[in-house]
There are 2 protein chains.
Amino acid sequence: MSLRKPTKALPNMAEADIAIVRIAPESSFKNKAYDALKDAILKMDIYSTPEPVMLDERALSERLGVSRTPIREAIAMLEQDGFVKTVPRRGIMVVRRTKSEIVDMIRAWAALESMAARLITTTARKKDITALRDFFKDFGKDRLPEDHVEEYSRANIAFHQALISLSESPVLVDLTNDLLLHVRGYRQLTIGRKDRTATSLPEHLGIIEALEARDTELAEKRARDHTLGLAAYVEAHGQELFT
Amino acid sequence: MSLRKPTKALPNMAEADIAIVRIAPESSFKNKAYDALKDAILKMDIYSTPEPVMLDERALSERLGVSRTPIREAIAMLEQDGFVKTVPRRGIMVVRRTKSEIVDMIRAWAALESMAARLITTTARKKDITALRDFFKDFGKDRLPEDHVEEYSRANIAFHQALISLSESPVLVDLTNDLLLHVRGYRQLTIGRKDRTATSLPEHLGIIEALEARDTELAEKRARDHTLGLAAYVEAHGQELFT
DNA sequence: GGAAGGTTTTTGGCATACCACATGCCAGAA
DNA sequence: TTCTGGCATGTGGTATGCCAAAAACCTTCC
């Protein structure tokens with residue numbers, strides 16, 4: 001597949017070996033539009049207003065300086081992702097998730113993460129596991145997480161993503177990232193979590209310890225219970241968010 | 001919604017009561033094309049030939065009797081699903097999964113299904129759990145699964161889907177169905193499983209028993225181990241498939 | 001005979017025009 | 001004043017046509 005005629009194209013091809021970096025494929029407008037729209041949707045605060053946020057193909061095509069065609073293809077992709085929903089002759093609306101949908105997603109996340117923990121205990125290098133502690137090195141008795149919620153929240157997300165990555169399972173990584181993108185829209189998941197941060201840090205460390213000890217069952221259980229705890233928290237305290 | 005002003009519009013409106021049936025919404029070509037292509041892709045045996053299967057926009061638009069635009073939008077959606085990959089100026093190819101990708105997907109499936117089992121022990125009705133046995137009522141000592149692999153395989157898939165559905169978690173259901181669609185392409189997962197069917201049935205029954213007993217931990221474990229067993233099986237015996 | 005180089009063909013990317021339908025406004029009738 | 005039918009307008013859906021780049025083909029010259 002790579003080369004059609006490998007017969008005698010080698011001798012004077014030494015130049016081909018020097019740092020030729022495969023020129024930028026120059027992504028298509030479709031993909032650029034997809035990235036731009038996805039980014040914009042994730043940034044906007046969909047839940048601040050009661051009316052659904054609507055998108056307009058023509059307006060978007062003008063703003064992005066391309067025709068409607070690539071915009072529409074990008075919209076079709078976003079719809080597959082579940083970020084928007086287009087209704088014929090009505091408009092394209094940014095999807096608003098209900099509380100139970102968010103809780104549901106967090107549960108799925110818990111499932112995937114606990115499987116990641118399980119895999120990690122059998123394959124990851126000790127060094128990489130220990131490195132997970134670094135995400136929280138700025139927090140401790142003298143600098144409590146609950147006093148730096150924003151910062152801790154970022155470390156929290158980074159930790160979870162790093163954890164999943166250690167599983168070296170592309171499927172787990174991708175699925176989890178998708179779920180996180182949806183869940184993340186809820187600012188209150190971060191802010192309101194203030195009273196959860198206190199218990200969060202010890203739980204994280206507990207997960208790391210179990211991983212280091214190669215205790216498969218325990219690591220799996222701790223990872224699961226930790227995230228299920230978040231789900232339960234949202235289910236109990238996330239009321240005000242969802243009108 | 002049905003009638004705006006019931007105040008005085010009744011007397012001579014008898015004609016409005018005659019069989020008006022709510023006209024069909026008539027899905028768009030884009031979605032029809034998506035369904036048709038997805039169906040076709042799932043049906044084709046991608047692994048029978050060494051060369052990748054290519055699709056052609058213009059040919060498809062002709063075959064389906066619509067223009068390229070809706071086809072392209074459908075392709076964009078399928079690409080999001082991971083079923084095809086379009087390379088500029090080269091073509092659209094049906095994605096072929098490697099063995100490790102399949103194994104990876106089955107592991108994620110195991111994670112989701114074990115979470116489903118966990119949820120079921122706390123929410124599902126006894127009646128619905130017991131109904132899961134029906135999928136295997138045609139098999140027993142006098143009619144061994146390994147003697148009717150095709151049929152058992154169908155029952156198997158149906159069982160797993162019904163199991164996940166009992167969790168009443170749309171996210172788990174959707175994610176699992178997506179994974180199954182990808183995994184399913186491997187006919188050998190069905191055929192080669194002949195030597196696995198023997199152990200499969202007892203394991204299924206074991207899961208059902210744990211669910212009925214509302215033993216959360218055990219149900220979760222059995223569901224997970226059962227599917228992880230399939231992953232291990234594919235990892236060990238799926239060699240011949242992937243060239 | 002074979003290879004370099006030019007030309008045609010193929011293929012996806014994009015822009016544009018037009019269509020059908022949902023809505024809202026508004027004149028005119030009741 | 002209130003209601004109704006029609007028209008203007010806006011929105012997504014679809015069809016077409018052209019373009020650039022890559023691949024295939026073909027010509028020509030050593």
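Within every chain, numbering begins at 1; the chains are lettered A, B, ... in the order of the sequence lines, protein sequences first and strands thereafter. Here the structure is a predicted model, which is why all the values come from computation and not from measurement.
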Participant: Side-chain donor-acceptor pair under 3.5 Å between A:D178 and A:H182, yes or no?
Facilitator: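 No donor-acceptor contact under 3.5 Å links the two side chains.
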Participant: If you look at every strand shown and take non-hydrogen atoms under 4.0 Å, does B:R89 touch a base, only sugar-phosphate, or nothing?
Facilitator: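 Touches a base.
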Participant: Round to a whole Å and report the spacing from CE of B:M93 to C1' of C:dG12.
Facilitator: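 Those two atoms, CE and C1', are 13 Å apart.
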Participant: Please check the phosphate of C:dT11 (OP1 and OP2 only) for any side-chain N or O of B:R90 closer than 4.0 Å.
Facilitator: no
Participant: Does the plane of the ring in B:H160 sit parallel, tilted or perpendicular to the ring in B:W109? Use 30° and 60° as the thresholds.
Facilitator: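 Answer is perpendicular, since the angle exceeds 60°.
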Participant: What is the distance, to the nearest angstrom, from the CD1 atom on A:I71 to the C1' atom on C:dG13?
Facilitator: 14 Å
Participant: A:E79 has an atom CD; how far is it from atom P of D:dG12, in whole Å?
Facilitator: 12 Å
Participant: Once you round it to whole Å, what is the distance between P of D:dG12 and CZ of B:R72?
Facilitator: 19 Å
Participant: Between C:dC14 atom C1' and A:K32 atom NZ, what is the distance in whole Å?
Facilitator: 13 Å
Participant: Is B:K32 atom NZ crowded by more than 12 heavy atoms from other residues, nucleotides or ligands, each under 6.0 Å away?
Facilitator: yes
Participant: Could you state the CE-P distance from A:M77 to C:dG13, rounded to the nearest angstrom?
Facilitator: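 Distance, rounded to whole Å: 10 Å.
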Participant: Between protein and nucleotides 15-18 of chain C, what N or O pairs are separated by less than 3.5 Å?
Facilitator:
unit_1 : atom_1 : unit_2 : atom_2 : d
C:dA15 : OP2    : A:S67  : N      : 2.6
C:dA15 : OP2    : A:S67  : OG     : 2.6
C:dA15 : N7     : A:T69  : OG1    : 2.9
C:dT16 : O4     : A:T69  : OG1    : 3.3

Participant: Work out which heavy atom in A:D104 is nearest to a heavy atom in B:V171; give both atom names and the distance.
Facilitator: OD2-N, 3.1 Å
Participant: Quick one: side chains of residues 86-93 of chain A, donor-acceptor pairs under 3.5 Å with protein atoms, not counting sequence neighbours, listed by atom name and distance.
Facilitator:
none

Participant: Looking at every strand, decide which applies to A:I75 at a 4.0 Å heavy-atom threshold: base, sugar-phosphate, or nothing.
Facilitator: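 A:I75: no heavy atom of the nucleic acid under 4.0 Å.
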Participant: Looking at the side chain of A:I92, which of D:dT14, C:dC14, D:dG12 is the nearest nucleotide?
Facilitator: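 Given the options D:dT14, C:dC14, D:dG12, the side chain of A:I92 is closest to D:dG12.
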Participant: Knowing that exactly one of A:T227, A:L179, A:L172 qualifies, which makes a side chain to side chain contact (heavy atoms under 4.5 Å, CB included) with A:E113?
Facilitator: A:T227
Participant: Please report, rounded to the nearest Å, how far the P atom of C:dG12 is from the NZ atom of A:K30.
Facilitator: 11 Å
Participant: Counting heavy atoms not belonging to A:E151, are there more than 12 under 6.0 Å from its CD?
Facilitator: yes
